[in-house]
Amino acid sequence: MKIEEVLKNGTEGMEVEIKGWVYRWRESGKIIFVIVRDSTDIIQVVISKSDVNDEDFKHAKNANIESSVVVRGVLRKDERAPTGFEILASSFKLIGKSENFPIYKDQSDEYLLDIRHLWLRSREMNAILKIRATSFYKLHEFFHNEGYYEVQAPMFVSNAVEGGSTLFEVPYFGRKAYLTQSSQFYLETFIFSLENVYTVAPSFRAEKSRTRRHLTEFWHCEAEAAWLSNEDIMKFEEKMITYIVDGILENNTKELKLLNRDISMLEKVKPPFDRLKYEDVIKIGQNVGLDIDYGSDLGADEEHAITKKFEKPTFVVNYPKKLKPFYHRPDPDNPDVVLNHDLLAPEGYGEIIGGGERIWDYNELIQRMKEENLNPNDYGWYIDLRKYGSVPHSGFGLGIDRFIWWVAGLEHIKYAIPYPRNIRRVTP
RNA sequence: GCCGCCGUAGCUUAGCCGGUGGAGCGCCCGGCUGUUAACCGGGAGGUCGUCGGUUCGAACCCGACCGGCGGCGCCA
């Protein structure tokens, strides 16, 4: 039986067998207390010398922390047991003895990252990994329910999406290739076949960022939809975020509590989310004393000031054209701003989604590229899409690790992903 | 790219104005039939990041280098 099932359905006097790993071990002469963990929970096992044979008692004596064990015994309620029940062992088998485990109290964060392959066993990582699994599952389920097709774009690419120097260059049979920084341009190609598409894949950014919200390799959920406007896609996103948060509240309250997450903040996540215009955000920033003017990009201080004021995720829309990449469609009523949006997570977490309506007119796209000093010849197939029955369309990219970082209430994004990659770390 | 900070035992660290290093946890040995990151007794473990300088004397002062961390910018 799984430990969770024992704790939930077990009755006093019931005979149970559990398999797991030693989480805590204490000896007091002829009685040994072993707390066993499996993927689901922990339970105390009591091994009395008088209740088991000599061989099993020796097994229990040698079962140091992280040894794998199989235990059989009778279930008993006891207030002294950490999860309410304990097993009085009648049989205790040591399956795989552990060497001295390198993790105990007083560990630095960096040391735990160095031995992340072992730290994954911790209750904290176990909880985060479960929340992560729910997030991915619910994302796929949501897109499926909404009639979107999952597609796959290449990770090796030959040009940039945004034209920066943020690409990882890799040798490619005598040529240069790059690791993709976004699948957006490829997704735009799929809408002419499938109309509504999404992908979940890593994106790579070679930026030398040293912040609590950046990774060089992150999980990116991107979607693109024919015929949808910026407002349409925002409605889709607020429904999507709500759906995943609901799924986590439904399946992972135990994990959120273990992480000391304030669940009431997540229960507030319901549509509609506020839409703030960029120009209004600038005014809010100025009112709280930030040194910004219209035309300044919104930095960490600004995002922090804004997201602290809001209890729900909040859209910021209509950025100045100059601050955003060329493919965003300028607002026909005010061509200085684009029909875009960022979604900022509350409680100071900041941007988790960026998206908007794409330029779908051929001439307008070429003109915007020239304004940004980009060479249209570098974007041949992307421009091609505007030649053969182009359609209005919108899309977005969600940083899944950032989403988990916020939902789980973590200090740093590196705790949201099992094997974080940043400017200095590529192991384990 | 810019701005700060830090390297002392396996881990977390104390060490003021310079006088050859202490602790907690972990580890090893022993004890305990109700422990809760137990307790009690004993033990091992350190060229104080590296190199150079000042000094009678450097973990401590100075310089260079190496390694690491945090924040900003950039973005998801």
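Every chain is numbered from 1 and lettered A, B, ... according to where its sequence line falls, protein lines coming before strand lines.
One interatomic measurement links the two molecules: CD1 of A/I404 to P of B/A76, which rounds to 17 Å at whole-angstrom precision. We find that CZ of A/F136 is positioned 17 Å from P of B/A76, with the value rounded to whole Å. Going from atom CD1 of A/I65 over to atom C1' of B/G26 covers 10 Å, rounded to whole Å. Rounded to an integer number of Å, the gap from CD1 of A/I413 to P of B/C69 is 16 Å. The CD1-C1' distance, from A/I423 to B/C72, rounds to 13 Å in whole Å. Residue A/E351 contributes atom CD, which lies 5 Å from atom P of B/A76 at whole-angstrom precision. The nearest whole Å value for the distance from the CH2 atom in A/W25 to the C1' atom in B/A37 is 15 Å. The distance between atom CZ of A/R26 and atom P of B/A37, rounded to the nearest whole Å, is 6 Å.
Between A/F315 and A/H341, the ring center distance clears the sub-6.0 Å criterion. Less than 6.0 angstrom separates the ring centroid of A/Y349 from the ring centroid of A/W405. The ring of A/Y198 has its center closer than 6.0 angstrom to the ring center of A/F143. With ring centers used as reference points, A/W381 lies under 6.0 Å from A/Y186.
For the pair A/R76 and A/E86, the salt-bridge criterion is met [side-chain N within less than 4.0 Å of a carboxylate O]. Salt bridge status for A/K30 with A/D51: absent, with no side-chain N to carboxylate O gap under 4.0 Å. Salt-bridge check for A/E4 with A/K254: passed, with a basic side-chain N closer than 4.0 Å to an acidic carboxylate O.
Using a 4.0 Å heavy-atom distance criterion, A/L398 is classed as making no nucleic acid contact. When heavy atoms are screened at a 4.0 angstrom cut-off, A/L215 is found touching base atoms of the nucleic acid. Residue A/T211 is classed as a base contact, given a heavy-atom separation below 4.0 Å to a base. Using a 4.0 Å heavy-atom criterion, one finds that A/K49 contacts no nucleic acid atom at all. Here A/D78 lies in heavy-atom contact (under 4.0 Å) with a base. Note on A/H214: a base of the nucleic acid sits closer than 4.0 angstrom, heavy atoms only.
Comparing the P positions of B/G34 and B/C29 gives a spacing of 24 Å, expressed to the nearest Å. The gap from the C1' atom of B/G26 to that of B/G43 amounts to 14 Å, rounded to the nearest Å. Annotation: B/U55 and B/C17 have their C1' atoms spaced 16 Å apart (nearest Å). The separation of B/A14 from B/U8, taken at their P atoms, amounts to 10 Å, rounded to a whole angstrom. The same atom, C1', is picked in B/C6 and in B/G45; the two are 25 Å apart, to the nearest Å. When the C1' atom is compared between B/G18 and B/G1, the two are found 40 Å apart, to the nearest whole Å. The C1' atoms of B/G68 and B/G49 are separated by 10 Å, rounded to the nearest whole Å. Distance noted for atom C1' between B/A58 and B/G19: 10 Å (whole Å).
Among the nucleotides B/G73, B/G34, B/G10, the one closest to the side chain of A/Y111 is B/G10. Nearest to the side chain of A/R212, among B/C74, B/G71, B/A76, sits B/G71. Side-chain proximity of A/E86 to the nucleotides B/C28, B/A76, B/G34 is greatest for B/G34. Here B/A37 is the nucleotide among B/G71, B/C28, B/A37 with the atom lying nearest to any side-chain atom of A/R24. Between B/C75, B/U33, B/G70, one nucleotide has an atom nearer to the side chain of A/H412 than all others, and that is B/G70.
Taking 3.5 Å as the limit, the base of B/G34 and the side chain of A/R76 contain a donor-acceptor pair of atoms between them. At a cut-off of 3.5 angstrom, the base of B/C74 holds at least one donor-acceptor pair with the side chain of A/S209. Between the side chain of A/R205 and the base of B/A76 there is at least one donor-acceptor pair of N/O atoms closer than 3.5 Å. The base of B/G1 has none of its N or O atoms less than 3.5 Å from a complementary donor or acceptor on the side chain of A/E207. The base of B/C32 is paired with the side chain of A/E27 by a donor and an acceptor separated by under 3.5 Å.
Listed pair A/K414 / B/G70 meets the phosphate criterion, a side-chain N or O lying under 4.0 Å from OP1 or OP2.
Base pairing of B/U33 is not made with any nucleotide, judged by Watson-Crick or G-U wobble geometry with both donor-acceptor distances under 3.5 Å. Under the Watson-Crick and G-U wobble criteria, each requiring two contacts below 3.5 Å, nucleotide B/G1 is paired to B/C72. Nucleotide B/A58 forms no Watson-Crick or G-U wobble pair with any nucleotide shown, as no partner meets the under 3.5 Å limit on both distances.
Summary of the strand contacts: A/S48 and A/K324 both lie near RNA chain B, and taking for each the nucleotide with the nearest heavy atom, the more 5' one is attributed to A/S48.
The aromatic ring of A/F218 stacks onto the base of B/A76, its centre lying under 5.5 Å from the centre of the six-membered base ring with the two planes under 30° apart.
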*Would you sort out whether A/N126 and A/K130 count as a side-chain hydrogen bond (donor to acceptor under 3.5 Å, both in side chains), showing the intermediate values?*
CA-CA 6 Å; A/N126 177 283; A/K130 284 175 181 169; 3.0 Å; yes
